[in-house]
K.L.:
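Sharing a structure below in structure tokens format, with a few things to ask.
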Amino acid sequence: DVQLFYVGPAGRLTIENLTLTLGFAPSGGAIQNDGGFVEVSSSRFVENVARSDAGAGGGALYSEGGQLRISMSSFVGNVVGGVGGAIALYGGDAVITETLFDANRANFGAAITSAAASLEVRASTFINHLSLGDTVEIADGTATFVNVTLAANTIEVGAALGIRTASSAGLTADARVNHVTADNNRRPDGTAAPALGASPSTGTTVTVAVTNSVLQGCVMTGDGVSLA
């Protein structure tokens, strides 16, 4: 069991028409990106694992302070005991288009955890995930979702799309949700799970703009949330 690729600062990795499977590492079972540039197209990440007892998450892909560009790909059955079943993003930025996330698992962020980063997701689908917390978790930073579907995910607590801040005063989380459908997401007991959850810590703010979207199930908000 070994991590498949490591990208260091200023490094560059291009993946095209590949299947990356059965990678295993503390963070980023298939790819760990520490400040480099990773571009993935027409590729599959299948059943990669990040250990739950060490590392910072990302069953398939972990990126800290770098750049990700992912298109026309799929993340299926990747697992982490911590955060980011498919992808864990810490700082830096990621743009994801026309990508399928299916049946990934994590304690929080079964598909994606994005922390203090810039995340843009377009024309992508998130289905059949299992997590304690949100299917897609945004913790600080900015996020944009356009033409995205989140359906048939199982979430013990939290929401299909969760937007929150950490405990440090002055932090912000800003999300734009446009043409997003969140449908048939459930708790383990079969009751409806919230489509959208927004929860700032004390002294922080969360701003969420929702347009042209269908969010089935309740929308949770907390003090300090601006929901447009």
K.L.:
What are the two closest non-hydrogen atoms of Val7 and Gly36, and how far apart are they?
P.N.:
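Closest pair (atom of Val7, atom of Gly36, distance): CG1-CA, 4.0 Å.
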
K.L.:
Any donor-acceptor pair under 3.5 Å linking the side chain of Ser213 with the backbone of His179?
P.N.:
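Checking the backbone N and O of His179 against the side chain of Ser213, a donor-acceptor pair under 3.5 Å is found.
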
K.L.:
Of all heavy-atom pairs between Ala50 and Gly29, which one has the smallest distance, and what is that distance?
P.N.:
CB-N, 4.5 Å

K.L.:
For Asn78 versus Gly85, what's the shortest heavy-atom pair and its separation?
P.N.:
CB-O, 3.3 Å

K.L.:
Check salt bridge (charged side-chain N to carboxylate O under 4.0 Å, His left out) between Arg105 and all other residues, then give those that pass, not counting sequence neighbours.
P.N.:
none

K.L.:
Please identify which of these residues, Asp102, Leu20, Thr21, meets the side-chain contact (heavy atoms from CB on, under 4.5 Å) condition with Val46.
P.N.:
Thr21

K.L.:
For a side-chain contact (heavy atoms from CB on, under 4.5 Å) check, start with the C-alpha distance between Asp134 and Phe108, then their side-chain angles and the critical distance, and finish with the verdict.
P.N.:
CA-CA 6 Å; Asp134 311 311; Phe108 296 93; 5.9 Å; no

K.L.:
Keeping to residues at least two apart or across chains, list the side chain to side chain donor-acceptor pair (under 3.5 Å) pairs with something in residues 31-41.
P.N.:
Gln3-Gln32, Tyr6-Asp34, Gln32-Asp34, Asn33-Ser63

K.L.:
How close do Val80 and Arg51 get, heavy atom to heavy atom, and via which atoms?
P.N.:
CG2-O, 4.5 Å

K.L.:
Going only through I, L, V, M, F, W and Y residues with side-chain contacts under 4.5 Å, is there a path from Phe37 to Leu18?
P.N.:
no

K.L.:
Any non-hydrogen side-chain atom of Leu4 less than 4.5 Å from a side-chain atom of Asn48?
P.N.:
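Leu4 vs Asn48: side chains touch.
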
K.L.:
Please report the interatomic distance CG(Leu61) to CD1(Ile31), rounded to the nearest 0.5 Å.
P.N.:
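With rounding to 0.5 Å, CG (Leu61) is 4.5 Å from CD1 (Ile31).
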
K.L.:
With rounding to the nearest 0.5 angstrom, report the CD1 to CG distance, Ile112 to Leu119.
P.N.:
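That separation rounds to 5.5 Å.
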
K.L.:
Pairs of donor and acceptor atoms involving the side chains of residues 69-77, under 3.5 Å and at least two apart or interchain, shall be tabulated with distances.
P.N.:
from	atom 1	to	atom 2	distance (Å)
Arg69	NH1	Asp93	OD1	2.7
Arg69	NH2	Asp93	OD1	3.0
Ser73	OG	Ser42	N	3.2
Ser73	OG	Ser43	N	3.1
Ser73	OG	Ser43	O	3.3
Ser73	OG	Ser71	O	2.8

K.L.:
Just so I know, are the side chains of Glu64 and Pro9 near enough to count as touching, which here means a heavy-atom distance under 4.5 Å?
P.N.:
no

K.L.:
Please evaluate residues Glu47 and Val49 with respect to the criterion side-chain contact (heavy atoms from CB on, under 4.5 Å), reporting the C-alpha separation (whole Å), side-chain torsions for both, the decisive distance (0.1 Å), and the verdict.
P.N.:
CA-CA 6 Å; Glu47 296 181 356; Val49 176; over 6 Å; no

K.L.:
Any chain of hydrophobic side-chain contacts (each under 4.5 Å) joining Val83 to Phe101?
P.N.:
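Cluster IDs for Val83 and Phe101 differ.
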
K.L.:
Could you list the cluster mates of Leu100? Members are the ILVMFWY residues connected by side-chain heavy atoms closer than 4.5 Å, either directly or through other members.
P.N.:
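Besides Leu100, the cluster holds Ile127.
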
K.L.:
Please round to the nearest 0.5 Å and tell me the distance separating atom CD1 of Ile163 and atom CG of Asp174.
P.N.:
9.0 Å

K.L.:
Look up atom CZ in Phe5 and atom CG in Leu13, then write down how far apart they are to the nearest 0.5 Å.
P.N.:
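So the CZ of Phe5 and the CG of Leu13 are separated by 5.5 Å.
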
K.L.:
Please name the pair of heavy atoms, one in Asp140 and one in Ile138, separated by the smallest distance, quoted to 0.1 Å.
P.N.:
O-CG2, 3.7 Å

K.L.:
Decide whether Val95 and Val38 are clustered together by the hydrophobic rule: side chain heavy atoms of Ile, Leu, Val, Met, Phe, Trp, Tyr closer than 4.5 Å, transitively.
P.N.:
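Different clusters.
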
K.L.:
Looking at residues at least two apart in the chain, or sitting in another chain, which of them share a side chain to side chain contact (heavy atoms under 4.5 Å, CB included) with Ala88?
P.N.:
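Partners of Ala88 by the side chain to side chain contact (heavy atoms under 4.5 Å, CB included) criterion, ordered by chain and then number, come out as Tyr62, Tyr90.
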
K.L.:
Could you please spell out the steps behind the side-chain contact (heavy atoms from CB on, under 4.5 Å) verdict for Val206 and Thr165?
P.N.:
CA-CA 7 Å; Val206 170; Thr165 53; 3.8 Å; yes

K.L.:
What pair of heavy atoms forms the shortest contact from Gly82 to Ala106, and how long is it?
P.N.:
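Result for this residue pair: O-CB, 3.7 Å.
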
K.L.:
Return yes if a side-chain donor-acceptor contact under 3.5 Å exists between Glu137 and Thr113, otherwise no.
P.N.:
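Yes, side-chain donor-acceptor contact under 3.5 Å.
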
K.L.:
Just by distance, with hydrogens left out, do Asn178 and Thr211 show a side-chain donor and acceptor under 3.5 Å apart?
P.N.:
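Yes, side-chain donor-acceptor contact under 3.5 Å.
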
K.L.:
To the nearest 0.5 Å, what is the distance between CD1 (Ile96) and CG (Leu89)?
P.N.:
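If I round to the nearest 0.5 Å, the distance is 8.0 Å.
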
K.L.:
Hey, could you give me the OG1/CZ distance between Thr99 and Phe45, rounded to the nearest 0.5 Å?
P.N.:
9.5 Å

K.L.:
Start with the C-alpha gap between Val180 and Leu196, add the side-chain angles, then the distance that decides, and say whether side-chain contact (heavy atoms from CB on, under 4.5 Å) holds.
P.N.:
CA-CA 11 Å; Val180 170; Leu196 173 67; over 6 Å; no

K.L.:
Which side-chain N or O atoms in residues 145-160 pair as donor and acceptor under 3.5 Å with protein atoms at least two apart or in another chain?
P.N.:
from	atom 1	to	atom 2	distance (Å)
Asn153	OD1	Asn128	N	3.2
Asn153	OD1	His129	N	2.9
Asn153	OD1	His129	ND1	2.9
Asn153	ND2	Phe126	O	3.3
Asn153	ND2	Ala151	O	3.3
Asn153	ND2	Asn185	OD1	2.9

